Structure formats: structure tokens, C-alpha cells
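Remember, it's a predicted structure, so these values are computed and weren't measured experimentally. Here is the naming used below: chain letters follow the sequence lines, and residue numbers restart at 1 for every chain.
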Protein chains: 2
Amino acid sequence: MADHRAGRGVKRGELAKRTGCHLETIRYYESAGLMPEPERTDAGHRLYDPEQERRLRFILRARDLGFTIGELREMLCLADGQGGSCRDIHAMTSAHITGIRRKISDLRKLDATLSRISKRCARGDTPECPIIDAFYGRVS
Amino acid sequence: MADHRAGRGVKRGELAKRTGCHLETIRYYESAGLMPEPERTDAGHRLYDPEQERRLRFILRARDLGFTIGELREMLCLADGQGGSCRDIHAMTSAHITGIRRKISDLRKLDATLSRISKRCARGDTPECPIIDAFYGRVS
DNA sequence: ATAGGCCCTGTAGTCGGTACAGGTGCAAGA
DNA sequence: TCTTGCACCTGTACCGACTACAGGGCCTAT
């Protein structure tokens, strides 16, 4: 083992494998300011310590929960203790939940409309179709 | 009126105003192959006839209903009578409805998870926050 | 010696638009 | 007649959240 720092962390590929994150996404999160610039081996390879692995898992979990990169940046800033309080985090989360509920409501309306339109369709062999007509506004 | 073709249609700005579509979006739909290349005035300005206006409304309605540009291209191809049947349209719409329902289901799970996590939060003044802890995986 | 594998960098492509720079033509007001 | 302003033209860059790939470097094993 040529590099004396190699014992101190894992490289990008290993981190990706451990977290299930795409290899390139880690580099993207670094450029996006979510992940810190990690230490490097003599060959210039990134070395991640357990704290950085936890941070990546945090990011992945929050992304899974639908937070945007911008929200994450803000949240990580608060989590890092840069002047934020538990109250602030709660406010962000509440706003996010509100957004999710609005999306659900929109999609339900979509579902209802499309289902209604689709039900009129006879699934015939002709090109004439009541769904198309509905999109053209020729029927309600 | 210098242009003898001007009576035959409306220009891009007018079409945008009529349909509520963003001016540039019309050009984008043309480049995306959804809208046909319209006639031009002598000055090179696009001129849309009523049929093209109907087509744009079709596109906007379908986009509103969550269809992607790719799906729309396919649907318009069928609507134009290029070998598709009513049955095909119905199949596409059904697939789309299925997708919407899956999205709704995903978002409901998100809502439940976030609401559960958020409820634990005391909204305190300290940086310590159970929401952050949950994201870090330190609690369920 | 060389082949393979991992890593590095920078850049381009995806989707569905939006925005803007720089240019043209046309009509109305001073 | 000049000029001001508007609508339109083209091409290109930007957004978010990645993903993919070209063209290298370095290390290990055979």
C-alpha cells in the first residue's frame, strides 16, 4: 500500500457502493456544495471518513423524501449549527409537507379527469377517439 | 397592411395571448416537432391558422394533464391518423393514469413519513432537532 | 511489459421550458 | 422626415438534478 492515508477512509467507488449512490452523483454533490471537499490520497483520489459517509446518507435520505438541493443546502447549514434552530427545521419541513399535499391534490384531480375521459372510450379500431376529442376541447 | 397574407392567420404573440401559452414555448413546441412549421409573412413572421391554434390547445391541455412531450408526440401522431386506433390512445391514457396513481401513492408515503418525523419536533430554540436526527438515521 | 481497473478532470446531454442578446421590419408620433 | 417603440426573428445559454463519456493518470497483477 503506497499511500499512508489510505487507511483513513474510503474512496469514491467504495462510498458509492456502500450508500447505493451513483458514483458521479457524489462528485456532483461536492460541486453543489452539499458534500465537503474530502481529503485526497497522494494520487489525488478522494478519501471519505465516516462523518462524510453519514452526511451523504443524510443527503440521500432527504432527497428520497423529496427535498430539493436548495432546501438541502439550507437544511445542512442548519444541521451544521450555522445559526439555525430546531424551529427553523420544523418550519422547512412543514412547508415541504404542504407542497407534497398540494401535489397529491393536483394529481388526484388529474386522475379523476383522465379516468372520466378514458371511460367514454370504446377502444375501437377506428382513429376516431373520444379521448382525442376531449383533448381538442370538442367535448367537456 | 403591407402583407397580403396577414389576414389569413395570427402571429406568435397573438396566439400566445389567446391560448395563455408562453411566447417562447410555441417556438419550443415547433422545434420539438409538436407544432408544424407555420406559414410566414413576407417579413418572416409566423402565421397560425385556426387548425394550428386547435393543435396548440390540444398540446397545452394534454401537458396540463401531465403527458410528457414524448407521449404527446406519439398521441398527436395517432390523432393525425398516422396508423393509430382509438384502442392505442386508450392504452396510452391508461398507462398514464397508472403512472399518476403510482406518484400519488409515493407522495402519500412521503407525507406520512415526514408528518411522523415532524410531529416529534419540539420546535425549540436549540440546534438539536429530532428531524435532523431522523435524517441522519439516528432514530427510526 | 502490459493489461485491467479504479480514479481524475472537464464537458455534454437529458426534459421542458425560459430568458436574453443582437438584429430586422413596420407603423405612428413629433 | 426622423425617430421611437414595438413585435418579431434567430441562436444560444440557463435552470435542476443528475448521468455519461472522453481522455488522461496511477497502481497492481500477470
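Applying the side chain to side chain donor-acceptor pair (under 3.5 Å) test to A/D88 and every residue at least two apart in sequence or in another chain returns A/S85. Among residues two or more places apart in sequence or in another chain, the ring-ring contact (aromatic ring centres under 6.0 Å, His included) test is passed with A/F67 by A/H96, B/F135. Residues that satisfy the ring-ring contact (aromatic ring centres under 6.0 Å, His included) test with B/H45, not counting sequence neighbours, are absent from this structure. For B/R73, there are no side chain to side chain donor-acceptor pair (under 3.5 Å) partners, not counting sequence neighbours. For the side-chain contact (heavy atoms from CB on, under 4.5 Å) test, residues two or more places apart in sequence or in another chain that qualify with A/E53 are A/L15, A/R18, A/T19, A/R57. For B/T98, there are no side-chain contact (heavy atoms from CB on, under 4.5 Å) partners at least two apart in sequence or on another chain. Residues meeting the side chain to side chain donor-acceptor pair (under 3.5 Å) test with B/R54, sequence neighbours left out: B/E51. The side-chain contact (heavy atoms from CB on, under 4.5 Å) search around B/D64 returns none, not counting sequence neighbours. A/K109 pairs by the side-chain contact (heavy atoms from CB on, under 4.5 Å) definition with A/S105, A/D106, not counting sequence neighbours.
Remark: B/T68, B/I69 in residues 67-79 of chain B come within less than 4.0 Å of DNA chain C through at least one heavy atom.
The distance between atom OH of A/Y28 and atom P of C/dT11, rounded to the nearest whole Å, is 17 Å. In this structure, B/M35 places its CE atom 16 Å from C1' of C/dG16, rounding to the nearest Å. Rounded to whole Å, the distance from CD1 on A/I26 to P on D/dC18 is 12 Å.
In this structure, A/R123 contributes its side chain and B/R87 its backbone to no donor-acceptor pair below 3.5 Å. Looking at B/R61, its side chain never comes within 3.5 Å of a backbone N or O of A/Y136 through a donor-acceptor pair.
A close approach under 4.0 Å does not occur between any side-chain nitrogen or oxygen of B/T25 and OP1 or OP2 of C/dG16. Side-chain nitrogen and oxygen atoms of A/Y29 include at least one within less than 4.0 Å of the OP1 or OP2 phosphate oxygen of D/dC18.
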Checklist line | Nucleotide-resolved protein contact map, nucleotides 8-15 of chain D, B/S/- at heavy-atom distance under 4.0 Å | finding: SSBB----

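Overall bending of the helix from C/dA1-D/dT30 to C/dA30-D/dT1, expressed as the angle between end axes built from five pairs apiece, is 40° (10° steps).
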